[in-house]
*Asks:* 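My structure is below; once you've seen it, I'll send some questions.
No hydrogens, no waters, no symmetry mates; every other heavy atom, side chains included, goes into these values. Along the sequence shown, residues are numbered consecutively beginning with 1.
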Amino acid sequence: MAGKSKGGKNKGKAQGAGQSVSAEPEVPVTDGAEVISPENGEVCDPPAAEGGVADAEKTDGEAPVAAQPGKKPAEGELHLYPVPVRTQSGEKLELQLSPGDSVIDVKQFLLDAPETCFYTCYDLILHSKDGSTHQLEDYNEISEIADITSGGCSLEMVAGIYDERSIRSHLRRVRELLSLSSLHVSLSTSLALQQESAQGKSAGSEKTVIQELDGLNFMEDSAGALTNLLASAPAEIKCVESIVFSSFNPPPSYRRLHGDLIYIDVVTLEGNKYCITGSSKSFYVNCSNGSILDPKPTKQSLEASTLVGLLQKISAKFKKGFREVLDCRASAHPFENVQSLLPVTSWLGAHPVPEHRRDAARAEESVVLSYGTELIGMQRDWNEELQSCREFPHGNPQERILRGRALYKVTCDFVDAAVKGAVGVINRCIPPINPTDPECFHMYVHNNIFFSFAVDFDYEHIPKDQKPDCQHGATRSTKVSSSGVEAKRDMNNAESTEVSNSVSDNSLDASAEAQIADSEQATYASANNDLKGTKAYQEADISGLYNLAMAIIDYRGHRVVAQSIIPGILQGDKSDSLLYGSVDNGKKISWNESFHSKVVEAAKRLHLKEHVVLDGSGNPVKLAATVECKGIVGSDDRHYILDLMRVTPRDSNYMGQEHRFCVLRPELVASFVEAESTKQSTRQKVPDASEESNDQVASTSDAKASSVEGDDKSEESSAPTLEENINSNAEILFNPNVFTEYKLAGSPEEIAADEELVKRAGTYLLEIVIPKFVQDLCSLDISPMDGQTLTDALHLHGINVRYLGKIAGMIKHLPHLWDLFSAEIIVRSAKHVIKEILRQSADHDIGPAIAHFLNCFVGKVSGASTKGSHGNAQSKTQKGHESSQTPKSTKGQKLNNTAASRKGLSTYSHLTSDGIWSNIKEFAKSKYQFEVPDDARLLAKRVSVLRNLCQKVGITIAARKYNLDASTPFEALDILNLQPVVKHSVPTCTDAKNLMEAGKVRMAEGTLNEAYALFSEAFSLLQQITGPMHKDAANCCRYLAMVLYHAGDTAGAIVQQHRELIINERCLGLDHPDTAHSYGNMALFYHGLNQTELALRHMSRTLLLLSLASGPDHPDVAATLINVAMMYQDASNMSTALRYLQEALMKNERLLGPDHVQMAVCYHALAIAFSCMSLYKLSIQHEKKTYDILAKQLGENDSRTKDSENWLNTFKHREEQVNAQKQKGQGTNASDNAINFLKVTTAEARKKAAAKGLNVRNGPGSNNASNELAQILKIINQAAAASSTSATPNAQQSGQATNGPSQNGNASEVKAADTNGPSVKSTGNTPVGLGTTLELKKQKSKQKS
């Protein structure tokens, strides 16, 4: 129940989130909330606004946002009440509880508290105000037993009775506590702690000028950066030599009658050996020594109710070590102790590989190959758990929280079990349920989960009348099983067809082979589409209509689909269980009134039309879904709908049998419906219509920022967000069966109208959505940094990945985008080539095969080793088709290859670089219509491309410095792991999403108090439903940080930003672009508190992460460099600042051209820098360039252009003053006045920027910069002189200056936020820092219109 309790665990914290601000922002106190131990006496109730540092920072006239808590709790928030707890050892502590907490939640709080973390088996007794006592059952809510709101209640922990299961889990818990490997300390936390201790030491000394930090060097190559990504694991603290199950186990029968459950052998650090008896009441040291059991307790009566308690009695070193372990855990941020339910895997592993030491405990746990099953007790019935959670009431907020939490927990547990089971299936450890069928039809049931392979066989060459249910009859055995016997017959039919066709298959020509590749693509696509469809129906949430839990696992080149099992489907004759849809490709279509009514209800939310089709005999049948979907009644009498391959209509831009799975994305359908309805409502204002639909894209994608989750962020239907539209625009409904092989009834006009609507949606995608997307890319409103953020951006805007090639052709003029798109296409094509190699590799060849492939991909491998070549002569001649060399059962092939490899032939040794690259080019051309340029092989030498490929295939390589220019950079030993890559249908929390959307609107309007309340409430909800380790929770923290920053509470902003950073590291990965931007924002906030050194260390990390994700040539990197320059400028290190600005200018000019708005940002930053050095002539010169670019790009009336004009006048005015004073000989005064004047202007500009969000976007650059450089270098020399005279004051002023207008443009990091979500617009991941919020931009444009 960990997840449940985790949700609850944070109920306590949610309240305090961001409302209290600690004076040392690095160590956010607020999180430790619930447990108040006697030692630290922290109080949890959110203090009203403790200002601390914050108050000093507040800008005049703005209400301090932090002072919110006085308001009544909003719907997701909870009141907390203190309840004292007496532990088993007699200690006292206090918990902050809510009446809605369950007893399981309370036990989880106690498990997290240092005083009680080692108690696992106890009963809780509640002493109420009136003196009565109640024993609490796990599933009770506290409010059912007593009213804790009136005070006077207390809890007592009473030792429970152990049984075999609980004593083993107690032992597991003790081992877990003694290891620090579950603690994930963020670099940011350790930097802050280091800084704090350094400050303590140097408290009295003068503040030194900050020199350039080591490692903050933008020239560094990213191949070297690999070694710096992973932090060193926390040093283990040794408490005990070993704790293992004794070989006296199991206890003999006569000892069982005395309660002996387990014997444990312990060797303490003092070198003493003990044999410990674990009995049903306690742990004690027995008298055994040598090889004979002596169960009597020793004379000193060493006994305790917990193992930790006993070890503390027998070993002083254990006591000391255990205290250190608890202190170490306590010093970490609370979120660093929380386990993530959907952990992210890393593509880099520690190098050198840590020694693998003997560990008897680890060995014991791995002896049993459980593949995800529980070893003791019943297997979980996933389907029953899931469906009964869906049936929970959800009328009010509290019910929705309980339902959401239960659904999230069950789905995450299902995904975890499905991944382990799929690995067992692919490793051939789980036997199939139909072993006599050909291998490609094998199906597996393990742990109540149904597994089937998604890549099966080529049905292009089966006569149409013999085809099984085209999409899945055989391709997706999953479905088949579900549909019971009819489908089974169908499969057998398919099997025989396949056998009869195998002969002709051997003589296929190249084009036929390409078709096989296509069929593999189709089955991959159908599995993906099915997952999207499942999510769409899940979100439509129609009462009485059920889906299966589903996950797709890619591992070792195979794709396995895992689903929960419909009750009764695998037993007995279920041929009558099909109520709706067809299993034989439309020959016979079943129909049922009550089922149809539910499907119609779902169809309305999914924009699907009720329509009539003809079955094989010409009988009309009325459907509201695709013909091939299946409605089944389970033995539990629930109505299940499956095979949801086409919940959205076909993509009319990709017609023909080979594109039968090319459907539109749900986001596009929602956007199209909204655009159409806008047009209809503005028919009278016809001229605006096209413009409206243009803007539409952005706004719908905004509405849907919500729909992302898990790996397949993109794949959620956004239908529910548009429910209001549905009512007013009932007529915009799509017929999902047009452009398919099924016969439609109805008049030719009606069919033509249905087809026309689908074509219009396809045209809308091509002519409006994609051009708008390209425009946003060019203006940097969307700034994806790597393959993942690019995919998310496309999906969020409703664009399928198959359009990558088309878009790539439209952005050739921007080098960073061209690199990003072509790299993504190359990596996706290479993924299919390597999957083919993995499928054919025997177990002992996997590491060498991956290393060889990477050498061919990155290096230059030419000679084929003769060893493997003779078995593969044919594939050498047909290099182009290696990726499609999967005739029929790839799994069958795998086995044949195993046989081959036993004879000493490795399947991969014949591969060469040229062969691999010709495959990649061929695949890119057929799938993406993209001609891979010949120089693309140089792209593969980039770390960012290698990273992208490793992440997509699940490869972990050693984090060492590779020479990517060598002909074979990788060795087999560099491949450390191959992990499954998962897509799943974990539900999202729509209530929290809606609150966040509302919060963003408030923030854009500048009503910070309301925005703060909404984001806090959303965070509180997410804490209770998903726990804090979830990317939506990270987004909430980021917005809270922005709101607090704008309200002047920088210390509070740091607390929230630190949370976001930890969650991103754990949920998205250490080097995800969002994590990089979190570090950037932390740096800006630390800088705001004048902790410049700490800020620069965070910036150093930002640059490292950005160089891994995107390589050094990206506008975001240039924007970050500008921020770094500002920090050096504030630290009066002008020569370094100018160096960074110069680098940013060159990058931007090279990437974006001389007239891009980002160039204006660079020039403005330079102007400010020169003004700090009192070089006003140069300031004027650069600000003039800023003004010219802004006037050209945005027009003279834009607020940013006017700002630039004001700066220009300021600099001119200053120059005149300085000249005048020079003549009077009053130089020094002049510079002081200058400083004061600039302070005032910049402070005002800063306030304006915060309020209005006017922003020159941070980012990219171009090429006339070179002329500047000579000049700048000259100035660097002058800088030293200048800074000696006016350094300190100017530094401060410049700090503010930069935070003023330039910031606007510069909050690069801030901006970064956008990149994360695919697009800012879309995710509402507005730039996080001081910069423009997109929303503000939108506001403005609305006002203008």
*Asks:* Decide yes or no for Leu606 and Phe734: does some side-chain heavy atom of the first lie under 4.5 Å from some side-chain heavy atom of the second?
*Replies:*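 The answer is no, as the side chains (C-beta and beyond) never meet within the 4.5 Å cut-off.
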
*Asks:* Taking the six-membered ring for Trp and the full ring for Phe, Tyr or His, determine whether the centres of Tyr803 and Tyr654 are under 6.0 Å apart.
*Replies:*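 Under 6.0 Å, so yes.
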
*Asks:* Tell me whether Asn800 contacts the main-chain N or O of Arg802 through its side chain, where contact means a donor paired with an acceptor under 3.5 Å.
*Replies:*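 Pair absent, no side-chain N/O of Asn800 close to backbone of Arg802.
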
*Asks:* How about Phe672 and His607: are their ring centres within less than 6.0 Å of each other?
*Replies:*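 They do not qualify: ring centres at least 6.0 Å apart.
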
*Asks:* Where do Ala527 and Val561 come nearest, in terms of heavy atoms and distance?
*Replies:*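 Heavy atoms of Ala527 and Val561 come nearest at CB-CG2, 4.1 Å.
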
*Asks:* Taking only distance into account, with no hydrogens and no angle test, what donor-acceptor pairs under 3.5 Å do side-chain atoms of residues 1063-1071 form with protein atoms, sequence neighbours excluded?
*Replies:*
{"from": "Asn1064", "atom 1": "ND2", "to": "Glu1060", "atom 2": "OE2", "distance (Å)": "3.0"}
{"from": "Asn1064", "atom 1": "ND2", "to": "Ser1078", "atom 2": "OG", "distance (Å)": "3.0"}
{"from": "Glu1065", "atom 1": "OE1", "to": "Ser186", "atom 2": "OG", "distance (Å)": "3.1"}
{"from": "Glu1065", "atom 1": "OE2", "to": "Tyr1079", "atom 2": "OH", "distance (Å)": "2.7"}
{"from": "Arg1066", "atom 1": "NH1", "to": "Phe335", "atom 2": "O", "distance (Å)": "3.2"}
{"from": "Arg1066", "atom 1": "NH1", "to": "Val338", "atom 2": "O", "distance (Å)": "3.1"}
{"from": "Arg1066", "atom 1": "NH2", "to": "Val338", "atom 2": "O", "distance (Å)": "2.5"}
{"from": "Asp1071", "atom 1": "OD2", "to": "Trp347", "atom 2": "NE1", "distance (Å)": "2.6"}
{"from": "Asp1071", "atom 1": "OD2", "to": "Arg947", "atom 2": "NE", "distance (Å)": "2.9"}

*Asks:* Within the supplied structure, the quantity of interest is the number of heavy atoms (other residues, nucleotides, ligands) at a distance under 6.0 Å from Lys925 NZ; does it exceed 12?
*Replies:*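 12 or below, so no.
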
*Asks:* Can you find a heavy atom in the side chain of Ile850 that is under 4.5 Å from one in the side chain of Val953?
*Replies:*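 Answer no - side chains too far apart.
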
*Asks:* His659 vs Asp651, test: side-chain contact (heavy atoms from CB on, under 4.5 Å). Steps then yes/no.
*Replies:* CA-CA 9 Å; His659 297 307; Asp651 182 346; over 6 Å; no

*Asks:* Just by distance, do the side chain of Lys983 and the backbone of Ala551 share a donor-acceptor pair under 3.5 Å?
*Replies:*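 Checking the backbone N and O of Ala551 against the side chain of Lys983, no donor-acceptor pair under 3.5 Å is found.
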
*Asks:* Please list, chain by chain and in numerical order, all residues satisfying side chain to side chain contact (heavy atoms under 4.5 Å, CB included) with Lys921, sequence neighbours excluded.
*Replies:*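 Scan of Lys921 (side chain to side chain contact (heavy atoms under 4.5 Å, CB included), adjacent residues dropped) gives Val932, Asp934.
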
*Asks:* Quick one: does Leu342's side chain get under 4.5 Å of His984's, heavy atoms only?
*Replies:*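 A side-chain contact exists here, since the closest heavy-atom pair is under 4.5 Å.
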
*Asks:* Looking at every heavy atom in both Leu548 and Thr534, which two are closest together, and how far apart are they?
*Replies:*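 Minimum heavy-atom separation between Leu548 and Thr534: O-CG2, 3.6 Å.
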
*Asks:* Check the pair Tyr524, Asp554 against side-chain contact (heavy atoms from CB on, under 4.5 Å), reporting the backbone distance first and the verdict last.
*Replies:* CA-CA 10 Å; Tyr524 263 57; Asp554 288 311; 4.1 Å; yes

*Asks:* So, His1156 side chain and Cys778 main chain: donor-acceptor pair closer than 3.5 Å or not?
*Replies:*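 Side chain of His1156 to backbone of Cys778, a donor-acceptor pair under 3.5 Å: yes, one is there.
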
*Asks:* When you compare the side chain of Leu1106 with that of Met785, does any pair of heavy atoms fall below 4.5 Å?
*Replies:*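 The answer is yes; the side chains approach within 4.5 Å.
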
*Asks:* To check you understand the geometry: which heavy-atom pair defines the closest contact between His1072 and Gln788, and what is its length?
*Replies:*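 Closest pair (atom of His1072, atom of Gln788, distance): NE2-CG, 4.2 Å.
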
*Asks:* Locate the shortest heavy-atom distance separating His832 from Phe923; write the atom from each residue and the value.
*Replies:*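 Heavy atoms only, the tightest pair is CD2-CZ, 3.3 Å.
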
*Asks:* Checking Asn529 side chain against Phe661 main chain: does a donor-acceptor pair fall under 3.5 Å?
*Replies:*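 Pair found, side chain donor or acceptor close to backbone of Phe661.
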
*Asks:* Look only at the side chain of Thr648 and the backbone of Leu664, and say whether a donor-acceptor pair between them is shorter than 3.5 Å.
*Replies:*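 Yes, because the side chain of Thr648 sits within donor-acceptor range (under 3.5 Å) of the backbone of Leu664.
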
*Asks:* Any chance you could measure His1114, atom NE2, to Asp819, atom CG, to the nearest 0.5 Å?
*Replies:*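 Here the interatomic distance stands at 10.0 Å.
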
*Asks:* Under a 3.5 Å distance rule, please check whether Asp786 uses its side chain to pair with a backbone N or O of Ser1110 as donor and acceptor.
*Replies:*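 No; zero donor-acceptor contacts below 3.5 Å.
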
*Asks:* Using side-chain heavy atoms (C-beta onward) and a distance below 4.5 Å, is Val981 in contact with Tyr555?
*Replies:*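 The answer is no; the side chains never approach within 4.5 Å.
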
*Asks:* Look at the side chain of Thr988 and the backbone N and O of Thr990, then say whether any donor-acceptor pair between them is shorter than 3.5 Å.
*Replies:*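 Flag not set: sc Thr988 to bb Thr990 has no pair under 3.5 Å.
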
*Asks:* For residues Leu229 and Arg1101, report the shortest heavy-atom separation together with the two atoms involved.
*Replies:*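 What the structure gives for the nearest pair is O-NH2, 3.0 Å.
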
*Asks:* Quick one: do Ile825 and Ile920 satisfy side-chain contact (heavy atoms from CB on, under 4.5 Å)? Show the steps, please.
*Replies:* CA-CA 9 Å; Ile825 291 171; Ile920 288 173; over 6 Å; no

*Asks:* Using atom types as modelled and distance alone, determine if a side-chain donor or acceptor of Lys952 lies under 3.5 Å from a backbone N or O of Ala830.
*Replies:*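 It does not hold such a pair.
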
*Asks:* Could you walk me through whether Arg559 and Asn528 pass side-chain contact (heavy atoms from CB on, under 4.5 Å), step by step?
*Replies:* CA-CA 11 Å; Arg559 169 162 282 193; Asn528 268 339; 3.5 Å; yes

*Asks:* Tell me whether Ser671 contacts the main-chain N or O of Glu667 through its side chain, where contact means a donor paired with an acceptor under 3.5 Å.
*Replies:*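 Looks like no, no N/O pair under 3.5 Å.
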
*Asks:* Evaluate the side-chain proximity of Thr1026 to Asp1032: yes if any heavy-atom separation is below 4.5 Å, no if none is.
*Replies:*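 Asp1032 vs Thr1026: side chains apart.
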
*Asks:* Please report the closest heavy-atom contact between Leu780 and His816, naming both atoms and the distance.
*Replies:*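 So the two residues come closest at CD2-NE2, 4.1 Å.
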
*Asks:* So, do Pro784 and Leu777 sit near enough that their side-chain heavy atoms are less than 4.5 Å apart?
*Replies:*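 Yes - at least one pair of side-chain heavy atoms lies under 4.5 Å apart.
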
*Asks:* Between His797 and Ile799 (side chain of the first, backbone of the second, donor and acceptor by atom type, cut-off under 3.5 Å), is there such a pair?
*Replies:*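 A pair under 3.5 Å: no.
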
*Asks:* For the side chain to side chain donor-acceptor pair (under 3.5 Å) test, which of Lys831, Arg828, Glu824 pairs with Asn948?
*Replies:*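 One option only clears the test, and that one is Glu824.
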
